[in-house]
Amino acid sequence: MSLNLILLGPPGAGKGTQAKLLIDRYGIPQISTGDMLRSAVKEGTPSGLRAQEFMLQGALVPDDLVIEIIRERLQAPDSVKGFILDGFPRTVAQADALGIMLASAGRGIDHVISLTVDNEELLQRVIGRLTCKGCGRGYHKLFDPPAQDGVCNYCSAELFQREDDKEETMRARLDTYQVQTAPLIGYYEAKGLLRSINGLGSIQEISDALIAVLEG
Ligand code: AMP
């Protein structure tokens, strides 16, 4: 039995947070194109250099680039028992490519979970987000502040705001989501794979609702 899962939702909906909780429960990897692209940018690889300008504008990176990243990633042996796609697919072309890629390997998508949160809440969540430069732990200026301003509670390294979490870029990312990614809700609904979960609530409440869908 495998569990091939897509988490769908706008930036800040909690896809990454929920994916991390599912890793432990099901022993399957989180595959985040955003994380992979950010490391490519940091390492200065050709893909990273190409992706960077789009990311800084809150636009999507070209389909061919992310599709290739996913094609390679899904060949790694750790995804045979399943995977949690977080932030991919984000366009109909990506969803089509994923479908073909999986079918040719005799695999398929089991569930697509859409996390819904309204735009004002998303903006609040994302523009307050902080990350530790040392250990990568996440914080929030209002909802989960560090004990000392700008400093990680665990490793004392400096906290930073993701460049694309600044308000103006986040507004652009929300527009991009509406235009290019929201059509995937109908796309997967038509395939009978979509389930929606209210993304407002505590991390635990949302995780419980997600698990109820997966195991119910
Ligand atoms: P995320 O961390 O998922 O919010 O992704 C950060 C940024 O990476 C996005 O705003 C896009 O510029 C880019 N990105 C991540 N995943 C994709 C994707 N599937 N297709 C195109 N661009 C992506």
Side-chain angles (χ1 to χ4, degrees), residues 1-19 22 26 28-37 51 54-55 57-75 79 81-119 121-123 125-126 164 170-200 206-207 209-216:
M1 258 289 286
S2 70
L3 179 59
N4 299 343
L5 184 66
I6 295 176
L7 294 182
L8 192 63
K15 303 184 295 296
T17 304
Q18 292 302 326
L22 296 176
Y26 297 110
I28 55 177
Q30 168 192 17
I31 300 183
S32 156
T33 40
D35 285 348
M36 290 190 277
L37 289 167
F54 298 97
M55 295 171 79
Q57 286 166 10
L60 294 185
V61 165
D63 286 332
D64 65 311
L65 199 159
V66 277
I67 289 169
E68 218 27 63
I69 289 181
I70 285 292
R71 189 188 310 283
E72 279 175 26
R73 182 64 185 84
L74 286 177
Q75 281 165 7
S79 75
K81 278 175 54 197
F83 50 76
I84 309 154
L85 285 175
D86 155 15
F88 182 95
R90 260 176 155 102
T91 63
V92 170
Q94 291 177 20
D96 284 339
L98 175 68
I100 293 168
M101 206 184 292
L102 291 174
S104 71
R107 303 159 93 182
I109 297 295
D110 299 308
H111 300 276
V112 180
I113 313 254
S114 158
L115 289 171
T116 58
V117 180
D118 65 71
N119 275 6
E121 168 78 14
L122 293 169
L123 209 58
R125 286 187 187 179
V126 165
D164 62 348
M170 176 54 183
R171 288 192 186 274
R173 290 164 68 201
L174 289 174
D175 289 344
T176 302
Y177 176 81
Q178 269 320 317
V179 176
Q180 294 183 268
T181 309
L184 292 181
I185 294 174
Y187 177 100
Y188 284 118
E189 206 161 33
K191 293 185 189 292
L193 292 172
L194 190 92
R195 295 290 298 272
S196 287
I197 288 181
N198 180 358
L200 266 191
I206 297 160
S207 177
L210 223 161
I211 289 165
V213 165
L214 295 177
E215 297 177 12

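The figures here come from the full heavy-atom set of this structure, side chains too, leaving out hydrogens, waters and symmetry mates. Everything numeric here is computed off the predicted structure, so don't read it as measured data. One-based numbering along the sequence shown.
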> Passes side-chain contact (heavy atoms from CB on, under 4.5 Å), L22 versus L214? Steps please.
Replying inline: CA-CA 11 Å; L22 296 176; L214 295 177; 4.2 Å; yes
> For V117 and R125, what are the C-alpha separation, side-chain angles and deciding distance, and is it a side-chain contact (heavy atoms from CB on, under 4.5 Å)?
Replying inline: CA-CA 10 Å; V117 180; R125 286 187 187 179; 4.0 Å; yes
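Note that CD1 of I109 and NZ of K191 are 10.0 Å apart. Values are rounded to the nearest 0.5 Å. Taken from OG in S32 to CD1 in I84, the straight-line distance is 11.0 Å, to the nearest 0.5 Å. Note that CD1 of I6 and CG of L193 are 8.0 Å apart. Values are rounded to the nearest 0.5 Å. Once rounded to the nearest 0.5 Å, the distance linking CD1 of I31 with CD1 of I70 reads 5.5 Å. Rounded to the nearest 0.5 Å, atoms CG (L74) and CG (L85) are 6.0 Å apart.
Summarising the geometry of Y187 relative to D96, their closest heavy-atom pair is OH-OD1, 2.6 Å, with the distance given to 0.1 Å. The two residues V92 and P183 make their nearest non-hydrogen contact at CG2-CB, 4.5 Å. Considering every non-hydrogen atom in both P89 and A95, the closest pair reads CB-N, 3.5 Å. Between F54 and P62, the shortest heavy-atom distance links the atoms CE1-CD, 3.5 Å. The minimum heavy-atom distance linking M101 with R71 is given by the pair SD-CA, 3.7 Å. Among all heavy-atom pairs drawn from G14 and L115, the shortest one is C-CD1, 3.9 Å.
Taking the side chain as every heavy atom from C-beta outward, F88 and R73 never approach each other to under 4.5 Å. Side-chain atoms of L123 and R171, non-hydrogen and from C-beta on, do get closer than 4.5 Å to each other. Proximity of M170 to L122: side-chain heavy atoms (C-beta onward) are separated by under 4.5 Å at one or more points. You'll find the side chain of S79 stays beyond 4.5 Å of the side chain of I28, heavy atoms only. For the pair L8/L194, a side-chain contact is recorded, criterion being any heavy-atom separation below 4.5 Å from C-beta on. Using a 4.5 Å heavy-atom threshold, the side chains of I206 and T17 count as separate. The closest side-chain heavy-atom distance from I185 to V112 is not below 4.5 Å. Looking at I113 and K15, their side chains never come closer than 4.5 Å, going by heavy atoms from C-beta outward.
Within the 3.5 Å criterion, the main-chain N or O of D164 finds a donor-acceptor partner in the side chain of R173. At distances below 3.5 Å, not a single donor-acceptor pair connects side-chain atoms of N4 with backbone N or O atoms of D110. Side-chain atoms of S196 never come within 3.5 Å of backbone atoms of T116 as a donor-acceptor pair (strictly under, hydrogens ignored). The closest donor-acceptor contact from the side chain of T33 to the backbone of G87 lies under 3.5 Å. Between the side chain of T91 and the main chain of Q180, no donor-acceptor pair closer than 3.5 Å is present. A donor-acceptor pair under 3.5 Å is absent between the side-chain atoms of D63 and the main chain of Q94, judged by distance alone.
R195 CZ: 12 or fewer foreign heavy atoms inside a 6.0 Å radius.
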